[in-house]
Amino acid sequence: MNTAMLNPKRGQTSKWISMLQHIKRDRQFLLLLLPCIAFFAIFRYGPIYGLIIAFKDFSVYDGILGSEWVGLEHFRKFFNSFDFWLLFKNTLLLGLYNLLWSFPFPIVFAILLNEVRNQRFKKSIQTFSYLPAFLSIVIICSMVIDFLSPSRGLINQFISFLGFEKTYFMIAPEWFRTIFISSDIWASMGYEAIIYLAAIAGIDPTLYEAAKVDGAKRWHTMRYITVPAILPTILVMFILKAGSMFRIGYEKVLLLYNPMTYEVADVFSTYVYRKGLLERDYSYAAAVGIFEALIALIMLLGANVLSRRFGGKSLW
Amino acid sequence: MLVSSDASNLNDKWVVKELEERTGVKVDLQFYSTATYAEKLKVIMASGDLPDIIHGPSLAEINELGGKGAFAPINDYLDQLPNFKAMYVDNAENNWVMKSYSDDGGNIYTWPIYGLNREVNHGFLYRKDIFDKHNIPLWTNTEEFYQALKKLKELYPDSIPYASKTQAWIFRDWGYGWNIAGYPHNYNEDTGKWELAFTKPEYKEMLDFMKKLRQEGLLDPEFVTDTSANWTAKMTTDQSFVTFDWIGRLDMFYNQVKETNPEYDLRYGNPVGPEFKIRSLPMISSYGHAIAKNENTEVSMKLMDYLTSPSGAELMTVGQQGENYELGADGKVVYPELKDLDLIEIKVLEDKYGMWVQGFYTRTDRRSVYYNYTEKEQEAQDMMKDMKLPLDPVLKFTDEENSTIADLAATLQKAGEEFSAKYVLTDSYGQAEWDAWLQQAKKLGEDDFVGAYNAAQARFDAE
């Protein structure tokens, strides 16, 4: 019989000892982890304390701790505000469409790219595809506006060359989401495909060879080998993407919207930008930001549960 | 002292050394690039450790923080500040500053800037070479403006005569001609009351005029989205001939195209609108200068006072005669050390000497190169001499009014711009939509917003 079970106290001490032994054994790894922990503590968890200004009437001079508590007033004001439902709808739709459209593109792209046999052609396509990811968002947006311009834009010149009426895309509310999302796909597809290409590269080549011997066509190997093999990667990426679905960067919306498209383009983050930076209502903006983050958290948890239930895989 | 500058080694520049020699004050400049200054200022203010002199915050912010004891009231030091006193207290023309810039308690925390603005700046610009070629006279009223655009459209069917790149600001820029001196709030000289610009009948007339131009292909519908590059291309390649922009563009565009089109001649035009007026620019403005309350306050005050003297203005924006500048035969300032340069602009003076550093001067000297107009600019100054709308009164608000305005201004402005753009660009928009907009503006808080201004105006008039 194990002596530790007879004497629980002794068992605990031996646990401690074994932990210390582990630490001693892995000390180099743990040392490597330290900067990472410090980074998160300082830059990710530290600033969380600033969120309390959402429950205060923040004044720069009084500081975060010195400002007066106002409870949930800013939240109440936000939920009752004129803009709330419009912002909610716009953020939700833009996020949802983004998830629906821009999520599958890199996967399909990676799988198709994998089927290309000519290595040189494959490499050059891949390089071209991730180039836009290195352009700043300001440049991307001006390119989009210039391309779509009715007077000088490439796309409209092409449309009129085909004999159709030119369309002034940028002022048409019904086009805004399409433009926003397709430009996103264009800019990020190649970059995001890198992860899937890496996952595909990790598949054991003997699987393909065996399938070929059994008479599998390309379509079959794609469907029965490539896709199932990268499914875990897809699920993890999906969960992460769902979590950031509500986090629509304000820069891109600000750069692309105009008075004609406010009604479909205004989202939580642009609202926070206007309130917080332009009107200096920091507390109110922080309250809206918290609300946005809470929804993001719910989405992340939800996607995780769904993924566990249907794919058997989850982040935790 | 906190300033914004893209120059390097600012503390070693000639101006800083000369200033120390003259005043005995050793200035330590903390400088951040103009692009990040606003952000840095917020961080520094939030840290609670204020530099002796800063610039940047709005008047409302300064007064709020001043009331809490962060800044020193200038009025407490008046007997030690001869230049401030002469300029802003004893001078009947400028002493509104004490009334308008001060807070509820009558304390003034912000140090104004004197004489910064050129007299005439933004305005309508037109291609004189094209106008002359086809004998189109420069318009002298709105109808002639319309006829000129129409004629241009006939002559150049593929063009859109009027192009714009300032997006929704077009409504503000054109507004001056319709007696709307800024938005969203506007002071009505006839009634002595403040009103929302977006709901005035004159504003609707302006929108109707713009709509007519847009429908006839005279106003570029891309005015809400056009990028600078696109607009430049249009203005320099005979696709558009009239625009509204900064006066410096007259020479900039010419320099861009003179190789291929030496005839190119962009000139300052007349205003448009029944009022036939342009915006006037104030002699005195606030850059948000404020002096921290600490052991150095007195020295800081005296330094700022020196900068506000004529000799301080000369040092900070022209230099010192014999030391770094000479007067040329025409009486203009010449810099012997910079004689190899084609164009001496203020950035050059900043790099070389440390002059014109943003936040470092509180008065300018009119002899500075900044006020050297080119031929085209001088023409504009002369043309517009008597065409300026009067300036609106500068009001001071209570905390409550300030928060009402802060809550409503951006919302009203955004809604107003949204409606205006739709009105001009959508064919179906008409009287019914205008009436609905008047209702919506009320719902968005027009009355409270205007009310805050009028309450402040009533106190201002009573004083």
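- With rounding to the nearest 0.5 Å, the separation of CD in E418(B) from CG in D266(A) is 8.5 Å.
- Heavy-atom distances place both the backbone and the side chain of E222(B) under 4.5 Å from chain A.
- In Y156(B), the OH atom is crowded: over 12 heavy atoms of neighbouring residues, nucleotides or ligands sit closer than 6.0 Å.
- With a 4.5 angstrom heavy-atom cutoff, S151(A) touches chain B via backbone and side-chain atoms both.
- Here the OG1-OH distance, from T225(B) to Y168(A), works out to 2.5 Å after rounding to the nearest 0.5 Å.
- Other residues, nucleotides and ligands place no more than 12 heavy atoms under 6.0 Å from the CD atom of E165(A).
- If you tally non-hydrogen atom pairs under 4.5 Å between each of A168(B), P221(B), S420(B) and chain A, the highest count goes to P221(B).
- The 12-atom threshold is exceeded at CZ of F39(A), counting heavy atoms of other residues, nucleotides or ligands nearer than 6.0 Å.
- Your options are L425(B), L444(B), D226(B), N230(B), and the one with the most heavy-atom pairs under 4.5 Å with chain A is N230(B).
- When heavy atoms are compared at a cutoff of 4.5 Å, S403(B) does not approach chain A at all.
- Neither the backbone nor the side chain of I405(B) comes within contact range of chain A, judged by heavy atoms closer than 4.5 Å.
- Pairing each heavy atom of N258(A) with each of V224(B), the nearest pair is CB-O, 3.8 Å.
- For K40(B), the NZ atom is loosely surrounded, since the number of other residues' heavy atoms within 6.0 Å does not exceed 12.
- For T426(B), the part lying under 4.5 angstrom from a heavy atom of chain A is the side chain only.
- Once rounded to the nearest 0.5 Å, the distance linking OH of Y271(A) with NZ of K414(B) reads 9.0 Å.
- In this structure, the separation between CG on D407(B) and OH on Y284(A) is 8.5 Å, given to the nearest 0.5 Å.
- No more than 12 heavy-atom neighbours from other residues, nucleotides or ligands sit within 6.0 angstrom of CH2 on W175(A).
- For the atom pair CZ (R152(A)) and NZ (K234(B)), the distance works out to 7.5 Å, reported to the nearest 0.5 Å.
- The number of heavy atoms from other shown groups lying within 6.0 Å of CG (D49(B)) does not exceed 12.
- Around NZ of K166(A), the count of heavy atoms belonging to other residues, nucleotides or ligands within 6.0 Å exceeds 12.
- In E39(B), the CD atom is not crowded: 12 or fewer heavy atoms of neighbouring residues, nucleotides or ligands sit closer than 6.0 Å.
- Between the CG atom in D146(A) and the OG1 atom in T227(B) there is a gap of 3.5 Å [rounded to 0.5 Å].
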